[in-house]
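In this text, all values refer to a predicted model and were calculated from it rather than measured experimentally. Count residues from 1 along the sequence.
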Amino acid sequence: MKLLEKTSRIYLLASLVIYVAVGIAFYWITTFMIYDEVESRLMVEKRDFESYLQTNNTWTNNSYFVENKIEVVPVFGEFENEATFTDTLIYNRYEESMDPFRQLTFYTMIGGSPYRVAIRKSIVESYKLIEAISAAMITFLALLMVGMFFFQRNLSGKLWRPFYGSLARIKDFDWTRNNKLEFESSEISEFNELNEVMVKMASKMQHDYKSLREFTENASHEIQTPLALINARVEQFIQSQDLSENQTHWIEEIYHAARRMSRLNQGLLLLAKIENQQFTEQESIDLAALIIARLKDFEDIITHKNITIHTETKGSFVKKMSPALAEIMVTNLVSNAIKHNYTDGKLTILTGNNFFVLSNTGHELKADPERLFERFKKESAQAESVGLGLAIVKQICDNYELHIDYRNVDSLHSIRVFA
């Protein structure tokens, strides 16, 4: 969820809560004020009624008091001499409806006898006033809330526009090139500070990338040269006829160690280049077809080990990636499946839409299959193996958002690569 959408939802929810709370409070305050006014008038009529009794000491239907507004009833027995306000309904014979009234009830002595007096006042107009005020308040508050919502949304969009512009520039920024990361100046100081920090970070990333790239290129050249020289000289020694058996054995060990060091150096440098994304050239490659093509490079070994090849094609697996890395990934997987296979074993290649599976016979796996993708983790005890083949494959898959898993059931090993 985007920040603007999140803030808009929070604002809308808070506005609704405030809207409901204010509406309820306004309704009760208005009702209280109207009732207070009606009760004040009832108390005035009570005093008028008591003044009339003091003057006349009797009660008769007097035109001074409007019809249905006052009721005097004699009381028999005990009563509590207190005044109370209540709501009541009285039939309106003109409109044939029950109208709401506010009633004041109290007790008094008339001609020496106790009477219960109820003075009533219509609150129909008060209810109409409350309804009109409430309707107007609801309308204006709703318009205010909607207007403020769109105003806040537009304002937030304008305020956050520099941030989204900077975010788009960061997404398009490629630290493998020499182009500098630049931002437009903003009126908001926090955004300017953020842009300054991002420019410094981008500059540091480009510097580190350049330094690491130079190191890997230099290391690849400078280390391989003396290793090649050592291998050449050792080969000359091995072909010499003047060496004893022990000397020949020692020289062979030196030769194998130098070759292992050379492969190790090449593997680590390749991993460093992959991690640093130094393979920038990309094109669409059919990995399924590439696997079938790479089998031809291993025909001699396949024939020597008498491995039965079975291929099943259910579709193509096209991925945009570096051709060099695609070759390395496929070659490592095919080489691994052949190298660790039995003599008279089987190799099955299944390809389909967005996946391929290589299955080969071999010794039952003892280690955790997932750990074989780690560097220098290997199942084979062969000295020729440096334990980087599957680590390189895993790194290539991670770089191009591919998934890889390794399954082993008894003597059957399966590696699946899928998008």
Using 30° and 60° as the class limits, which term best fits the ring planes of Tyr342 and His363: parallel, tilted or perpendicular?
perpendicular
Point-to-point distance, once rounded to the nearest 0.5 Å, from CG of Asn336 to OG1 of Thr331
12.0 Å
Indicate the atoms forming the closest heavy-atom contact of His340 with Asn360, along with that distance.
O-ND2, 4.1 Å
Applying side-chain contact (heavy atoms from CB on, under 4.5 Å), name anything that partners Leu143, two or more places apart in sequence or on another chain.
Thr139
Heavy-atom closest pair (Leu181 atom, Met198 atom, distance to 0.1 Å) is CD2-O, 3.9 Å
Where is the tightest heavy-atom contact between Met329 and Cys397, given as atom of each residue plus distance?
SD-SG, 3.8 Å
Working to the nearest 0.5 angstrom, can you tell me the gap between Ile34 CD1 and Glu39 CD?
12.0 Å
Exercise: identify the closest heavy-atom pair between Leu412 and Ser359:
CD1-CB, 4.1 Å
Quick one: does Phe163's side chain get under 4.5 Å of Ile188's, heavy atoms only?
no
Please assess Met43 against Phe85 for the test side chain to side chain contact (heavy atoms under 4.5 Å, CB included), listing each intermediate value before the final yes or no.
CA-CA 10 Å; Met43 292 300 295; Phe85 291 98; 3.7 Å; yes
Mind checking what makes side-chain contact (heavy atoms from CB on, under 4.5 Å) contact with Gln206, not counting sequence neighbours?
Phe173, Trp175
Between Leu347 and His310, is there a side-chain heavy-atom distance shorter than 4.5 Å?
no
Enclosure of Asp300 CG (heavy-atom neighbours >12, cutoff 6.0 Å):
no
Okay, side chain of Lys305, backbone of Asn341: is any donor-acceptor separation there less than 3.5 Å?
yes
Atom of Gly315, atom of Asn353 and distance for their closest heavy-atom approach:
CA-OD1, 3.5 Å
Any heavy-atom pair between the side chains of Arg294 and Glu327 that's under 4.5 Å?
yes
Tyr400 ring centre to Lys319 NZ or CZ under 6.0 Å, with the angle to the axis within 45°?
no
Apply side chain to side chain contact (heavy atoms under 4.5 Å, CB included) to the pair Glu45 and Ile70, showing each step before the final yes or no.
CA-CA 10 Å; Glu45 292 190 15; Ile70 187 167; over 6 Å; no
Which one of Ser185, Ser186, Ser166 satisfies the side-chain hydrogen bond (donor to acceptor under 3.5 Å, both in side chains) criterion with Asn195?
Ser166
Are there over 12 heavy-atom neighbours, none belonging to Lys346, within less than 6.0 Å of that residue's NZ?
no
Atom CD of Glu71 and atom CD1 of Ile119: how far apart are they, to the nearest 0.5 Å?
11.5 Å
Output, in order, the C-alpha distance, side-chain angles, deciding distance and verdict of side chain to side chain contact (heavy atoms under 4.5 Å, CB included) for Glu312 and Thr351.
CA-CA 6 Å; Glu312 183 177 355; Thr351 62; over 6 Å; no
For the residue pair Leu333 and Leu390, establish whether any side-chain heavy-atom pair is separated by less than 4.5 Å.
yes
Do other residues, nucleotides or ligands put more than 12 heavy atoms under 6.0 Å from Met205 CE?
yes
Taking side-chain contact (heavy atoms from CB on, under 4.5 Å) as the definition, give me every residue that meets it alongside Phe355, ordered by chain and number, with sequence neighbours left out.
Leu350, Val357, Phe418
Does any part of the side chain of Leu358, heavy atoms only, come nearer than 4.5 Å to the side chain of Ser414, both counted from C-beta?
no
Take Gln103 and Thr105, measure what side-chain hydrogen bond (donor to acceptor under 3.5 Å, both in side chains) needs, and give me the verdict at the end.
CA-CA 6 Å; Gln103 176 176 290; Thr105 304; 3.1 Å; yes
Would you give the length of the straight line joining atom OG1 of Thr311 to atom CD1 of Ile292, rounded to the nearest 0.5 angstrom?
5.0 Å
Around atom CD of Glu50, are there more than 12 heavy atoms of other residues, nucleotides or ligands at under 6.0 Å?
yes
Taking all non-hydrogen atoms of both residues, which atom of Val75 and which atom of Arg116 are closest, and how far apart?
CG2-N, 3.3 Å
Interatomic spacing from NE2 in His413 to CD1 in Ile415 - rounded to 0.5 Å:
9.5 Å
Does the pair Leu402 and Phe317 meet the rule for a side chain to side chain contact (heavy atoms under 4.5 Å, CB included), with working shown?
CA-CA 11 Å; Leu402 296 174; Phe317 184 8; 3.8 Å; yes
Might you confirm whether atom CE of Met201 has over 12 heavy atoms from other residues, nucleotides or ligands at distances under 6.0 Å?
no
Nearest 0.5 Å, what's the CG-CD1 distance between Asn332 and Ile392?
5.5 Å
Please evaluate residues Asn192 and Glu196 with respect to the criterion side-chain hydrogen bond (donor to acceptor under 3.5 Å, both in side chains), reporting the C-alpha separation (whole Å), side-chain torsions for both, the decisive distance (0.1 Å), and the verdict.
CA-CA 6 Å; Asn192 289 329; Glu196 290 177 3; over 6 Å; no
